Amino acid sequence: MSDHSRLYMGTAFVAGVCLTVLCKDLFYPELEDRLREYRARHRPAPSSDDEPPLSARPGPPAIVDGVEGCIGNTPLFRIKSLSDVTGCEILGKAEFLNGAGQSSKDRVALSMIEIAEELGILTPHSGDTIYEGTSGSTGISLATLARAKGYLAHICMPSDQAIEKSDLLLKLGAIVDRVPPAPIVEKDNFVNRARSLARAHTASSGTNSGTSTPDVPDLPTPSDGRGFFADQFENEANWQAHFNGTGPEIYAQCDGKLDAFVAGAGTGGTISGVALFLKPRIPKLSVVLADPQGSGLYNRVRYGVMFDRKEKEGTRRRRQVDTIVEGIGINRVTANFEAGKELVDDAVRVTDAQALAMARWLVEKDGLFIGSSSAVNCFAAVKTAMKLGPGHRIVTVLSDSGSRHLSRFWAKAGNVGGAVDTKLEDVLNAVDSS
C-alpha cells in the first residue's frame, strides 16, 4: 500500500469516527449502529516492512508555531532510584513537560480541537465555546489551547478535586462549574452537565434550531457561536493522539526495545493508543494497567468483572471512585479504553497509602515532584519490574507535576523532610495511617 493511500485511510478513519462521536447526540443519533460496525471493520494496521523508520528528534528543538507547537516529543528518562533498586531500567515519559497545559492531556486536547476544526465543528474567533467534563488536567489543556486558537472554554469538574486546578482554569479565562460528585448515570454528573450545556449553547445560537434546549439550571447560555462538547471519555480522537504521538515517540526513543508499558486509565486513551501502536511492533510487550483503589478496571482486566469492593453498597464514602488519586480510576469501560482493552495483559492495584509513599520516595531519592496518577504509575512499574525480574526495560507515564495536587494529594503526603532514608519495603508495604 502506498504512503498516500495509508495517509488517506488514516485521515478518513479519524474524521469519520470523530464526526460521529462528537456530533451524534446533536445531529445524527441514527448513526450509532453504523459507527459500531465501522469500528469493528477498521483498526490501525500493524507495522509493515515499507514503513519509514521512526526517529527521536535529534539536537535542539526547531522553532514552532504557537504554544500548540510545544506539545509532544517529551523526554524519556531513566528514573535512577527505581532502576537501581529493581535491577530493571524503569523509564519515565515526561509528559509534564508538554508546553501548553503541562500534562499528557495536551496531546488529547489538541487532537480533539484540530479534528473538530477540520470537520467544521469549530471555527476560530466565531464565539464557539468548548465544553468539557474533567477532573482538571484536560480542562487546563483545553482552556490553554482555546485561548491560543480563538475559542472560549467552559469546564465542569467535580467539586472534590484540588482547588488549584479550578483556580488555574479561572486564570486561563475559562468558566468553571464545580459540581458535587455524582455517578455517570445521573444528569448532574460533571460530564453530563458539560454535554447539556454545550447542547443548550448550540440550540440558543440558532445553529441547530431543531434541537430543543434542555433544562440546565444556574448558568446562562451564550447566544453567539456554537457549543462543542469535547467528550474526552468517548471521543476517539483521544486514543488516536497517543497512537499517533506518544506511542511512536516511545518506540523511537527505545529503539523498539522495551519489555513492558505501564499506565493508568481515566478515559483510557493513553493505555489504548500506546498499546495499539506498540503491540504489533513488539508482540512480546507486556501492557500493564496501573489502577488506584476504588476503581473497577483492575478487576475488569484481571477477572472480566467491573467491580471494586470499596465501591460496594454500605462501604463507599463518596459517590465516585473512592481514592485520593486524581485523573485515573473509573468504574465503566469508555470507548477509549474499549479500543485497546484486549491488548492489556495485566493490572496492578495501588492503594492510596502506596501512591503517597511512592510520591515521597521519588522526591527523596530523585528530586522528582509528580502528581498522584504518576505516583500510581511508578508504583505499578516497580511491581512489574519485580515480576519480570532484573534486566528488563519498563516505560511508564509521568502525567503531570505535583504542583497541581498540593491541596489534596500532597497535603496528605506531607513534607518529605531533611535527612531521610526510606527503604523500598516501606513503600511496598505502606498502609493507611487513619
Side-chain angles (χ1 to χ4, degrees), residues 39-40 43-44 88 90 93 104 108 135 183-184 232-234 236 238-239 242-243 246-247 250 258-312 316 320-323 325-352 354-355 358 372-389 392 394-399 428:
R39 285 173 181 160
R43 279 294 178 213
C88 287
I90 297 181
K93 184 68 167 157
S104 57
V108 176
S135 62
I184 189 64
Q232 61 168 327
F233 289 90
E234 308 302 325
E236 295 191 25
N238 183 337
W239 71 258
H242 296 290
F243 178 84
T246 317
I250 291 171
L258 66 156
D259 300 293
F261 174 71
V262 179
T267 64
T270 301
I271 195 167
S272 287
V274 173
L276 283 163
F277 184 87
L278 292 181
K279 272 278 197 174
R281 294 160 176 83
I282 313 172
K284 294 184 178 180
L285 178 75
S286 179
V287 176
V288 180
L289 171 75
D291 210 34
Q293 66 181 50
S295 172
L297 292 179
Y298 170 85
N299 283 330
R300 179 66 180 81
V301 171
R302 280 288 188 93
Y303 311 114
V305 178
M306 181 67 75
F307 176 74
D308 186 84
R309 61 185 180 181
K310 277 188 169 291
E311 294 293 295
K312 69 182 180 180
R316 186 169 56 186
Q320 213 180 17
V321 173
D322 194 3
T323 177
V325 174
E326 298 179 9
I328 59 174
I330 196 169
N331 281 314
R332 70 182 193 276
V333 175
T334 66
N336 282 284
F337 189 75
E338 179 74 28
K341 70 179 174 64
E342 299 305 322
L343 302 179
V344 180
D345 301 293
D346 199 1
V348 175
R349 162 75 81 233
V350 184
T351 67
D352 283 356
Q354 291 166 337
M358 176 55 70
S372 57
S373 62
S374 301
V376 170
N377 288 346
C378 287
F379 186 94
V382 169
K383 295 289 284 188
T384 301
M386 295 172 67
K387 181 176 181 178
L388 293 176
H392 293 87
I394 297 153
V395 171
T396 193
V397 179
L398 306 180
S399 305
L428 295 175

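Just so it is clear, the values below take in all heavy atoms, side chains as well, and ignore hydrogens, waters and symmetry mates. In this text, all values refer to a predicted model and were calculated from it rather than measured experimentally.
Applying the side-chain contact (heavy atoms from CB on, under 4.5 Å) test between Val301 and each of Val288, Val287, Val344 identifies Val344 as the sole match.
Separating the CD atom in Glu236 from the CD atom in Gln232 is a distance of 14.0 Å, to the nearest 0.5 Å. Rounding to the nearest 0.5 Å gives a distance of 9.0 Å between CG of Asn377 and CG of Leu289. Taking CG of Leu297 as the reference point, atom CE of Met306 lies at 4.5 Å (rounded to 0.5 Å). To the nearest 0.5 Å, the span separating OG1 on Thr351 from CD on Gln293 amounts to 6.0 Å. Note: Leu398 CG to Cys378 SG = 5.0 Å, rounded to the nearest 0.5 Å. The distance from atom CZ of Phe261 to atom CD1 of Ile282, rounded to the nearest 0.5 Å, is 11.0 Å.
Under the rule for a side chain to side chain donor-acceptor pair (under 3.5 Å), Ser135 has no partner lying at least two apart in sequence or in another chain. Contacts of Glu326 classified as side chain to side chain donor-acceptor pair (under 3.5 Å), with partners at least two apart in sequence or in another chain: Lys165, Arg408. Under the side-chain contact (heavy atoms from CB on, under 4.5 Å) criterion, Ser104 pairs with Glu95, Ser399, not counting sequence neighbours.
What you find for Gly266 and Ile330 is that their closest heavy atoms are O-CD1, 3.4 Å. Residues Trp239 and Ala339 come closest through the heavy atom pair NE1-CB, 3.5 Å. Across all non-hydrogen atoms, the minimal contact from Ala355 to Ala375 is O-CB, 3.4 Å.
Side-chain contact between Glu234 and Thr334 is present, with at least one heavy-atom pair separated by less than 4.5 Å. Side chains of Thr323 and Ser295 form no contact here, defined as non-hydrogen atoms less than 4.5 Å apart.
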Listing, residues 381-388 side-chain donor-acceptor contacts under 3.5 Å, not counting sequence neighbours, or none:
{"unit_1": "Thr384", "atom_1": "OG1", "unit_2": "Ala380", "atom_2": "O", "d": "2.8"}
{"unit_1": "Lys387", "atom_1": "NZ", "unit_2": "Asp346", "atom_2": "OD2", "d": "2.6"}

Output side-chain donor-acceptor pairs under 3.5 Å for residues 271-279, partner residues at least two apart or in another chain, one line each.
{"unit_1": "Ser272", "atom_1": "OG", "unit_2": "Gly268", "atom_2": "O", "d": "3.2"}
{"unit_1": "Ser272", "atom_1": "OG", "unit_2": "Asn336", "atom_2": "O", "d": "2.6"}
{"unit_1": "Ser272", "atom_1": "OG", "unit_2": "Phe337", "atom_2": "O", "d": "3.3"}
{"unit_1": "Ser272", "atom_1": "OG", "unit_2": "Gly340", "atom_2": "N", "d": "3.2"}
{"unit_1": "Lys279", "atom_1": "NZ", "unit_2": "Leu285", "atom_2": "O", "d": "2.9"}
{"unit_1": "Lys279", "atom_1": "NZ", "unit_2": "Asp345", "atom_2": "OD1", "d": "3.2"}
{"unit_1": "Lys279", "atom_1": "NZ", "unit_2": "Asp345", "atom_2": "OD2", "d": "2.9"}

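The closest donor-acceptor contact from the side chain of Thr396 to the backbone of Val262 lies under 3.5 Å. Of the possible donor and acceptor atoms, one in the side chain of Asn331 sits under 3.5 Å from a partner among the backbone N and O of Gly294.
Residue pairs that meet the salt bridge (Lys or Arg N to Asp or Glu O under 4.0 Å) test with at least one member in residues 284-293, sequence neighbours left out, are Asp291-Arg349.
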